[in-house]
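Every value quoted in this text rests on a predicted model; they were computed, and no experiment measured them. Chain naming here is simple, since letters A, B, ... match the order of the sequence lines and numbering starts at 1 in each. Quick note: numbers below take in every heavy atom, side chains included, and nothing from hydrogens, waters or symmetry partners.
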Number of protein chains: 2
Amino acid sequence: MPKITLKKIAAILGISPATVSKALKDYPDISNDTKIKVKALAESLNYKPNSFAQSLRNQESKIIGLIIPKIVHHFFSNIINGVIDAASNKGYLVITLQSHESYEQEKDQINSLIEKNVDGILISLSDHTVNYKHINAIIEKGVPVVLYDRTSKLVNCSKVIINDRKAGYEATKYLIETGCRKIAHIRGPLKPQTTIDRFMGYKNALKEHDLPYDKNLVFETEHLSFEDGFEVAEEIAKHRHDIDGVFSTTDLLATGVMVKLQQKGIKVPDDISIMGFSNWFLTKITTPTLSTIDQPGYEMGRKTFDLLYDELCQIKNGESVSHEVVEIATRVVPRNSTKFIES
Amino acid sequence: MPKITLKKIAAILGISPATVSKALKDYPDISNDTKIKVKALAESLNYKPNSFAQSLRNQESKIIGLIIPKIVHHFFSNIINGVIDAASNKGYLVITLQSHESYEQEKDQINSLIEKNVDGILISLSDHTVNYKHINAIIEKGVPVVLYDRTSKLVNCSKVIINDRKAGYEATKYLIETGCRKIAHIRGPLKPQTTIDRFMGYKNALKEHDLPYDKNLVFETEHLSFEDGFEVAEEIAKHRHDIDGVFSTTDLLATGVMVKLQQKGIKVPDDISIMGFSNWFLTKITTPTLSTIDQPGYEMGRKTFDLLYDELCQIKNGESVSHEVVEIATRVVPRNSTKFIES
DNA sequence: AATAACCACGAAAACGTTTTCGCTAATTCC
DNA sequence: GGAATTAGCGAAAACGTTTTCGTGGTTATT
């Protein structure tokens, strides 16, 4: 089954490939007669242009790259989802790679994508990425980059983020409004900027509501696992019966805390309210269901692609490219691990 | 920053592009001197071959397509993970698309991938796909296809599957071995082949252990949701106190059943044992943790790519392509929603 | 009737790489 | 020393598309 090309159509019709190409694209200098003939034949032969040839000629692939720290993760798979949907709408396909939180892999993968001549790259920085040369290098090469979720001020490009500080503030505020006065914060590992910001939000909320900040109420954990939550819960159950609310930097940690607290006979939310972060799937199936902050991955994914698409259009039109930083709104999702607001 | 090409390297060195190309690929008819010179310059100029030109010339893209029914799903995101990892190992990149369980979208997406000249396509059939012309059509065109998880006998290609019947058998057998005698089965919607097979396995296990099959013990649900599990649990709690085990076709359903049963005062596993299916993430965080069947998505993803890669190699070597059907082993994951085996 | 305008099309170059084939000059062989 | 081999390189075509520029012929303008 030989591939059917412009040349062959031209040969059959006894005209030149140039005319066929132009007829198919409705160039004004081709007569209606020829256009109709060409289109009919192309249709009946089921002609599809060879994308390599097009890309080679037009210097664009209509493919973008997406680098994700971890695919198997509710938030990130929602991002993928959003990116792919938005991209297909505009005729772009998406090559996905995961950095596994490794700086080296992140570099390699950016290279692979560049070598495949993708039209642009969407990246969420790995937790172990400490310098940004590799990102800035490709931006200077003229390949548009948009950063999402895990970004850096040291990279000059468009970004899609959530306001972790505000979200942390809202989460804490909600606990306060539902009657909590002694609120613990589980911040997880010290380093990532997101957890730092959420912690700042927590402090702000306390301050604005005239509650004292007590650093003994802040728990660090090595990872963000379910089991790490157990340890914190044990500590609370043993020594800190004054605590009446917990704001955790992650749903999974929060769930661990909640499960273990209940095993220790502490009632949620009657004795202690619990607030998670991200609105993962699991929050809907815990007992009680977990109140949390919705971090809308799908919407972020869509928006991230949209920003890239804007740049792509600007480049194509020869306009100067403008960078944009878009903040996606989070919101408190009240469920049953917190009390109701007394009104 | 002008792109650096073979021609330019040739011009700088005062030799022909052909020689440069051959030098970089270690052709035997190029002298060592020239090879060294060419490689050094290419290195220092950071030369990267233009992938479009290569693809156009070599008729291969080193890109494969992956069609997934739903990305945001623990099992399927593990598949993606496996496919991407295995593919990068061999220098292939992966374009992912999701069919959203729609036949129309599945067709469109296969088309998009074909138009991008991917070297092969991995597909899990959407639940609403009822004929396979679109798949068979591209196979006849010579584009290798491998089906995974949701396959069909009507498509002649390599496949990666789990043995749902055997898995259903093992799950039920495990319940029997841990002392259950009146085992209910929640099979979910009637149609999908997977649930049919799991149901057959359930029946087989009963038969082989001389337990009567009672169709009143088989529950259908409209969807596979958490809430659908509630309804079944209500029914059991109200009318079927003789039931001492439940095998659910899905972890989520099982979790719904378990949560609601416990709310009704029924002890898990003391009064009723519960067995899920898939080993999703959530099974590790329920109370009690959910016994289940491990359906290894990552491994399936890897194997699926491997089969495609085999075909690609065969084609390249001019060998005749052979199809293979690989069965990935499942296993019982004993947790705390079932009793221990008395030994 | 001469000039201008316009219509419909094609030739050719370009995108960058790969590979076949042929050529020259140097080496080997008898 | 002549013939045969070999080593090292390049010309050129090919992959399929796009677009600029030009051309020949027709129609409209004075």
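Separating the NZ atom in B:K48 from the OG atom in B:S51 is a distance of 12.5 Å, to the nearest 0.5 Å.
Separating the CG atom of A:N117 from the P atom of C:dT17 is a distance of 10 Å, rounded to the nearest angstrom. A:K35 places its NZ atom 12 Å from the P atom of C:dC7, with the value rounded to the nearest Å. Atom NZ of A:K3 and atom C1' of D:dT17 are 16 Å apart (whole Å). Rounded to an integer number of Å, the gap from CD1 of A:I30 to P of C:dC6 is 18 Å.
Counting distance only, with no hydrogens placed and no angle test, the side-chain atoms of A:D29 and the base atoms of C:dC9 include a donor-acceptor pair under 3.5 Å.
Using a distance-only test at 3.5 Å, with no hydrogens or angles considered, a donor-acceptor pair links the side chain of A:E101 to the main chain of A:D127. With hydrogens and angles disregarded, no donor-acceptor distance shorter than 3.5 Å links the side chain of A:T151 to the backbone of A:Y148.
No more than 12 heavy atoms of other residues, nucleotides or ligands sit less than 6.0 Å from atom CD of A:E43.
Near DNA chain C, meaning a heavy atom under 4.0 Å from it, residues 18-28 of chain A has A:A18, A:T19, A:K22 in order of number. Scanning residues 41-63 of chain B for heavy-atom distances under 4.0 Å to DNA chain D yields B:L56, B:R57, B:Q59.
Within the structure, a side-chain polar atom (N or O) of B:K7 is placed less than 4.0 Å from OP1 or OP2 of C:dC15. Residue A:S31 has a polar side-chain atom (N or O) positioned under 4.0 Å from OP1 or OP2 of C:dC9.
Among all heavy-atom pairs drawn from B:K62 and B:K90, the shortest one is NZ-O, 4.4 Å. Scanning both residues, A:S124 and A:F76, for their nearest heavy atoms gives OG-CE2, 4.0 Å. The two residues A:S61 and A:D119 make their nearest non-hydrogen contact at N-OD1, 2.9 Å.
You'll find the side chain of A:I121 stays beyond 4.5 Å of the side chain of A:I135, heavy atoms only.
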